[in-house]
Amino acid sequence: MTTLKNPALLKTYLVHPSTSSANSNDRDNNNDSNDNNDNAKRVDVNNPFNGEVIGWVPSHTKQEVEQAVANADSVQASWAAQTAEARSDLLMQWADLIDANLDDLATIMTLEQGKPLKESRGEISYANSFIRWFAEEGKRIYGDVIPAPKASQRISVLKQPIGICAAITPWNFPAAMITRKVAPALAAGCTILVKPAMQTPLSALALQQLADEAGIPKGVLQVVTGDSATVGDVFTQDARIKKLSFTGSTAVGRTLMAQCATTLKKLSLELGGNAPFIVFADADLDKAAEGLIAAKYRNAGQTCVCANRIYVEERIKDEFLAIYLPKVAALKVGNGLSDAVDIGPLINNQAVEKVTSLLKDALDKGANLLTGGDINPLSERIVNPTVISNVTADMDIAHEEIFGPITAIATFQSESEVIAKANDTLYGLAAYFYTKDLARSWRVSEALEYGMVGQNTGLISTAVAPFGGVKQSGFGREGSKYGIEEYLIVKYWCQDIG
Ligand code: SIN
């Protein structure tokens, strides 16, 4: 286990060299200061690169999760009553501590998630950008005064915190998907409970530790770990929780939405994608190839906004591939802890099986393998960067979110044909296209049925813009001035002063 610069960070949960066997006795001897239940079941956290146990987290019981809701309930009113500036100051102090611990947080992330260290560092900065953005935005929650229909009336609109919130976050971005929900909630005056994915709970606990050190009052931000069904039942059924924000698959999003129906919680759902990436013949092909590397191979292809279906205009296909293939060949795979590595392992064996079965189905149905297609001997979870062409609509890879490092290329002849193909999916999260033509830019961006469109860029994520989808990619927006609205209620106030 790599040692951290700050030995106090996650001291309880990480397996250190002296206890590297990580057997249950070692773990049971830890003084679990963050978890009052000595009998709590403990769950190991593994490094996806080599399967080694790197730490553990508690598996909280239903009673413990309910206690966390009670803790939030007991401080909700006092947190909401603080000034926006006081909350902002605390968020900024949290962000400063995250910056001060950036290298350690990145190491923890790479150990539990597998992504290359340079991407983990980037994610911690990205995560922190949400905290700083919403620390400022919380000071700008303005209401309205509306001209009334009667002379004796005054009409005002107040925006108030919705109350206790819950967040369920995924393993692909173990820090940023937390701060993107927690920062606007806290800035708006809400308390929040977070359930991180059990593959990557250590980053969440490290963020919570730093939030506690920053002085964010106890109970305002609580991370609960454990079995999804146990935590999910409380998050969806407890009437004290007023809002649930979820990032993950469309299937789980549907279930959560149904479960929340009984308590009618406000929901934000950021679900699956099937992003088209369109290269028109008039595009800057070098830029398009560079953008595709970023949109496809970030986090080994494991993002909801990864390019999934690549459409290249038929007459420039060979020229484009001649630029693109050497760039793919130059990507370095390996243990994310090495600075030179561009692509690490997939999160687990099921992910590898899914990706390899999509690839097999495509090849069986006539796709051409141009590079990759195999598992790297360094780790059973590293799929070598792969490119296939001649992809057709009857292949599973054209419909399912790949979530792995495979570029699946199809061709098209006309703008109307490619727009129809791009929109022929249940999903509507992100779409990308490359063109230099001004009129086409407007036509295509208006016609794409997606919540986010990148033109001449493969990287669109930023704290200042609204992230979210349409169709079965969910609803609600995160980041930007729109992101904080998800944590507010609108109260209309009518006074008669006559
Ligand atoms: C996601 O994969 O859900 C988030 C990706 C991002 O924020 O860029």
Side-chain angles (χ1 to χ4, degrees), residues 109 113-116 118-134 167-184 194-197 199-200 203-204 207 244-253 256 267-277 291-308 343-344 346-347 351 354-355 400-405 427-432 450-454 457-480 482-483 486:
M109 187 183 293
Q113 205 278 342
K115 66 175 68 178
K118 59 187 169 199
E119 281 196 36
S120 295
R121 288 198 191 99
E123 185 184 334
I124 298 299
S125 298
Y126 178 46
N128 228 1
S129 70
F130 289 105
I131 300 179
R132 293 193 193 282
W133 169 269
F134 284 111
I168 302 179
T169 58
W171 50 262
N172 62 343
F173 287 87
M177 297 306 101
I178 291 178
T179 57
R180 191 149 90 177
K181 300 176 194 310
V182 167
V194 179
K195 191 226 171 284
Q199 293 91 338
T200 58
S203 296
L207 288 175
L244 176 70
S245 177
F246 169 68
T247 298
S249 72
T250 296
V252 174
L256 291 170
L267 282 168
S268 300
L269 300 176
E270 197 261 273
L271 308 176
N274 183 6
F277 187 105
L292 183 53
I293 292 286
K296 179 68 248 181
Y297 291 107
R298 176 176 173 226
N299 199 9
Q302 303 172 108
T303 89
C304 299
V305 290
C306 270
N308 212 55
I343 298 193
L346 296 183
I347 191 71
K354 182 188 169 193
V355 166
E400 289 191 31
E401 196 171 26
I402 303 171
F403 246 59
Y427 299 100
L429 192 58
Y432 308 87
Y450 288 84
M452 298 176 283
V453 176
T457 177
L459 288 176
I460 52 173
S461 306
T462 162
V464 308
F467 191 105
V470 296
K471 294 161 76 176
Q472 295 195 26
S473 291
F475 46 78
R477 291 295 177 267
E478 297 191 304
S480 82
Y482 302 99
E486 306 280 335

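Counting convention: from 1, in listed order, for ligands and their atoms alike.
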Counting each atom of ligand 1 from 1 as listed, which ones have a heavy atom of R180 under 4.0 Å away?
4 (C), 7 (O)
Is R477 salt-bridged to E270, cutoff N-O under 4.0 Å?
no
Is there a nitrogen or oxygen of T303 sitting under 3.5 Å from a nitrogen or oxygen of ligand 1?
no
Can you check whether T179 reaches N128 side chain to side chain, under 4.5 Å on heavy atoms?
no
Just to confirm my output: which protein heavy-atom neighbour is closest to atom 7 (O) of ligand 1, and how far is it?
Y126 OH, 2.7 Å
Based purely on interatomic distance, does E270 place a nitrogen or oxygen under 3.5 Å from a nitrogen or oxygen of ligand 1?
yes
Under 4.0 Å to a heavy atom of R298 - the qualifying atoms of ligand 1, by number
6 (C), 8 (O)
Whether the T250 and Q472 side chains hold a donor-acceptor pair (N or O, under 3.5 Å, no angle test) is what I'd like checked.
no
Answer yes if the side chains of N172 and N299 hold a donor-acceptor pair under 3.5 Å, and no otherwise.
no
Close N or O approach (Q302, ligand 1; < 3.5 Å):
no
Just by modelled atom types, is the S268 backbone N or O under 3.5 Å from a matching donor or acceptor in the E486 side chain?
no
Is the contact between M452 and ligand 1 made by the side chain, the backbone, both, or neither, using heavy atoms and a 4.0 Å cut-off?
neither
Is the closest N or O pair between C304 and ligand 1 shorter than 3.5 Å?
yes
Would K181 pass as a cation-pi partner of F246, given that its NZ or CZ must be under 6.0 Å from the six-membered ring centre and within 45 degrees of the axis?
no
Nearest non-hydrogen protein atom to atom 8 (O) of ligand 1, with distance, is S461 OG, 2.5 Å
Per-atom contacts, ligand 1 versus N172 - under 4.0 Å to a heavy atom
1 (C), 2 (O)
What is the distance from atom CD1 of I460 to atom CZ of F467, rounded to the nearest 0.5 Å?
6.5 Å
Do the charged groups of E119 and R298 touch, with an N to O distance under 4.0 Å?
no
Closest protein heavy atom (residue, atom, distance) for atom 5 (C) of ligand 1
F173 CE1, 3.6 Å
